[in-house]
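For reference, the structure discussed in these notes is given below.
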Amino acid sequence: MDRIVIRGGVPLHGEIQISGAKNAALPLMAACLLSEETLTLSNLPHLADISTMAHLLADLGVEISMNGHAPNGGHAGRVFGLSGKNISSTTADYDLVRTMRASILVLGPLLARFGEAKVSLPGGCAIGTRPVDIHLKGLEALGAEIELEGGYVIARAPDGLKGGRYLFPMVSVGATENLLMAATLAEGETVLANSAREPEITDLANCLVAMGAKIEGIGSDTLTIQGVPALHAAEHSVLPDRIEIGTYATAAVITGGDLKLVGARLDLIEAVAEILGSAGATIQEIDNGFRISRTDCELKGVDMITEPYPGFPTDMQAQLMALMAVANGASLITETIFENRFMHVPELCRMGANINVHHQASAIVRGVEKLSGAQVMATDLRASVSLVLAGLAAEGETVVNRVYHLDRGYEHLEAKLSGCGARIERVKD
Ligand code: UD1
């Protein structure tokens with residue numbers, strides 16, 4: 001298995017191009033199942049999860065053409081043409097679904113267009129139990145009949161889905177996306193209350209509107225959808241990855257460096273920018289992105305609590321914990337979205353961090369002067385990248401094992417960081 005080896009202590013200087021958002025690209029790709037006509041998506045990141053979704057869609061009969069690379073400020077995002085004209089199967093097999101939780105996003109579109117779908121219960125990052133009960137209850141509210149059998153969700157709506165009102169019992173990004181897609185083809189009006197408001201949902205909604213869907217309340221927590229008989233062809237460019245933006249912004253701050261994040265949007269990371277600013281970063285908007293630095297200022301501990309958007313995102317919690325590990329003073333970090341999302345803590349402690357977790361829900365981080373390099377490994381994507389950040393700041397050599405997690409979510413991670421002076425390389429076994 002590949003490893004990433006980092007020799008830390010170098011302040012990062014230079015430019016990093018931000019890629020398209022993985023978490024927007026995955027539901028956008030699933031949306032092609034809603035139409036007979038071709039959906040063309042550009043600025044797709046080159047990531048393992050995108051390939052997994054492409055395989056899953058191809059297995060259902062989606063024809064995928066790769067139209068080369070679209071120019072994007074000097075950067076090349078991938079362009080896919082996705083045609084759902086000749087769907088040959090409405091079953092998403094265990095082997096394709098088990099590695100990625102977002103596979104469940106094919107359920108709503110398949111059911112809405114074909115009146116049936118059989119999708120394996122998903123796997124994905126090992127962060128808590130992560131059930132899909134809300135996805136299923138929401139589809140039932142639109143008239144679906146759902147059974148669980150042999151590890152599969154079997155959903156039927158022989159006469160098509162019917163519009164309805166559904167109040168999400170808790171904010172769920174994936175369930176909002178699944179229901180939103182399904183409702184575009186349901187008969188009549190659907191109201192989705194307490195919807196998630198993440199920018200990736202807004203991106204999906206905008207693409208669905210371009211495909212002919214009728215959606216009101218985009219960006220708010222109440223989405224109202226008037227069902228239409230069919231959706232049509234559209235072109236859509238995936239929005240920038242706000243978690244990648246936040247991660248590289250943290251890399252600048254933790255190393256005491258100065259980075260230009262090209263293609264980044266500050267409005268997508270307001271809560272993270274607020275924390276980084278309080279910790280001592282200077283942030284300045286520039287053409288097509290922003291610049292972030294911490295060159296002559298000490299790092300200060302800041303408290304934070306994860307919340308649905310526009311609050312501080314759980315997907316940035318591990319990275320900012322790495323930062324707080326080397327700040328002056330203490331920081332209280334509370335996780336409210338996922339259970340068991342502190343698996344990076346023992347690994348950061350192996351590098352010399354002083355962190356105590358209470359009831360699996362909050363962590364007290366007492367900043368230390370220096371971290372020291374060590375062999376570490378992580379069991380999820382964001383935890384893995386937090387160890388890379390810690391390694392960039394640490395004295396000596398850090399080896400991050402199980403790199404496949406990073407490949408699921410960070411495009412050209414080593415190249416982007418080494419281009420700014422980091423001493424980082426991938427070692428193949
Ligand atoms: C998405 C993101 C993930 C991010 C998460 C929260 C994608 C591909 N992934 O994941 O990176 O960390 O949002 O911002 O976009 N829940 C239930 N039942 C359900 C659905 C969810 O109990 O049916 C719970 C989950 O276990 C979790 C919480 O709701 O505790 C939020 O999960 P959700 O917003 O659905 O996350 P994902 O869509 O899986």
Side-chain angles (χ1 to χ4, degrees), residues 20-31 44-45 47-50 52-53 56 97 99-108 119 121-141 146 148 153 155 166-182 192 194-205 221 238-239 241-244 246-247 268-269 271-272 305-319 334-344 360-361 380-386 405 408-410:
K22 166 181 88 77
N23 285 355
L26 295 172
L28 284 165
M29 289 172 74
L44 287 164
L47 294 172
D49 274 9
I50 301 299
T52 304
M53 182 58 95
L56 173 57
V97 168
T99 54
M100 190 178 70
R101 177 176 164 81
S103 312
I104 194 73
L105 295 172
V106 302
L107 179 64
V119 178
L121 286 164
C125 279
I127 43 176
T129 35
R130 301 186 83 178
V132 292
D133 55 322
I134 302 174
H135 298 242
L136 306 186
K137 288 198 185 97
L139 291 170
E140 280 174 342
I146 291 185
L148 293 181
V153 177
Y166 186 64
L167 170 69
F168 291 97
M170 63 193 286
V171 177
S172 163
V173 174
T176 302
E177 291 164 345
N178 233 337
L179 271 274
L180 174 62
M181 288 190 279
L192 301 176
N194 197 26
S195 291
R197 292 189 282 156
E198 269 62 6
E200 293 75 24
I201 293 171
T202 300
D203 207 39
L204 173 65
D221 65 359
V238 179
L239 93 167
D241 193 317
R242 66 195 164 97
I243 306 303
E244 197 196 24
T247 301
L268 295 175
I269 62 148
V272 171
I305 174 163
T306 63
E307 285 173 333
Y309 190 83
F312 168 58
T314 175
D315 283 354
M316 279 300 300
Q317 181 256 105
Q319 298 89 316
T334 305
E335 172 63 52
T336 69
I337 308 293
F338 291 114
E339 54 189 91
N340 202 15
R341 208 175 196 182
F342 285 129
M343 285 173 302
H344 41 287
Q360 284 301 315
D380 79 63
L381 168 58
R382 308 304 171 186
S384 302
V385 86
S386 78
H405 285 296
R408 290 186 48 210
Y410 289 91

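Start at 1 and go down the list; that is how both ligands and their atoms are numbered. Model, not experiment: these values are computed from the prediction. Count residues from 1 along the sequence.
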Checklist entry - Which of the atoms of ligand 1 are close to Ile337, meaning less than 4.0 Å from one of its heavy atoms? => result 27 (C), 28 (C), 30 (O), 31 (C)
Item to check | Gln317 (side chain) donor-acceptor with Arg341 (main chain) under 3.5 angstrom | outcome: yes
Item to check | ring-ring contact (aromatic ring centres under 6.0 Å, His included) partners of Tyr166, counting only residues at least two apart | outcome: Phe168
Checklist entry - With backbone taken as N, CA, C and O and side chain as the heavy atoms from C-beta onward, which portion of Ile243 lies under 4.0 Å from ligand 1: side chain, backbone, both, or neither? => result neither
Checklist outcome for this item: A student checking ligand 1 against Asp133 at a 4.0 Å heavy-atom cut-off should list atoms 17 (C), 18 (N), 19 (C), 22 (O), 23 (O)
Checklist entry - Quick one: does Glu307 get within less than 4.0 Å of ligand 1, heavy atoms only? => result no
Checklist entry - Within the side chain of Arg197, is there an N or O that forms a donor-acceptor pair under 3.5 Å with the backbone of Thr202? => result no
Checklist entry - Is Arg101 touching ligand 1 with its side chain, its backbone, both, or neither, if touching means heavy atoms under 4.0 Å apart? => result side chain
Next on the checklist: Before you tell me yes or no, could you show the steps for Arg101 and Val132 under side-chain contact (heavy atoms from CB on, under 4.5 Å), namely the whole-Å CA-CA distance, both residues' side-chain angles and the distance that decides it to 0.1 Å?
Outcome noted: CA-CA 9 Å; Arg101 177 176 164 81; Val132 292; 3.9 Å; yes
Checklist entry - Numbering the atoms of ligand 1 from 1, which are under 4.0 Å from a heavy atom of Phe338? => result 5 (C), 6 (C), 12 (O), 25 (C), 27 (C), 30 (O), 32 (O), 36 (O)
Next on the checklist: Could you work out, with salt bridge (Lys or Arg N to Asp or Glu O under 4.0 Å) as the rule, every residue matching Glu200, not counting sequence neighbours?
Outcome noted: Arg242
Checklist entry - At a 4.0 Å cut-off, with the gap strictly under it, does some heavy atom of Met170 reach an atom of ligand 1? => result yes
Checklist entry - Heavy atom under 4.0 Å from ligand 1: found in Arg341's side chain, backbone, both, or neither? => result side chain
Next on the checklist: Would you say Thr314 and Glu335 are linked by a side-chain donor-acceptor pair, where the criterion is simply a distance under 3.5 Å?
Outcome noted: yes
Next on the checklist: I'd like the name of whichever of Gly174, Ala175, Pro131 reaches closest to atom 20 (C) of ligand 1 through any heavy atom.
Outcome noted: Pro131
Item to check | Matching residue for Arg408 among Asp49, Thr99, Thr52 - test: side chain to side chain donor-acceptor pair (under 3.5 Å) | outcome: Asp49
Next on the checklist: Side chain, backbone, both or neither: which applies to Asp315 and ligand 1 if a contact is any heavy-atom pair less than 4.0 Å apart?
Outcome noted: side chain
Next on the checklist: Within ligand 1, which atoms have a heavy atom of Thr314 less than 4.0 Å away?
Outcome noted: 6 (C), 12 (O), 14 (O)
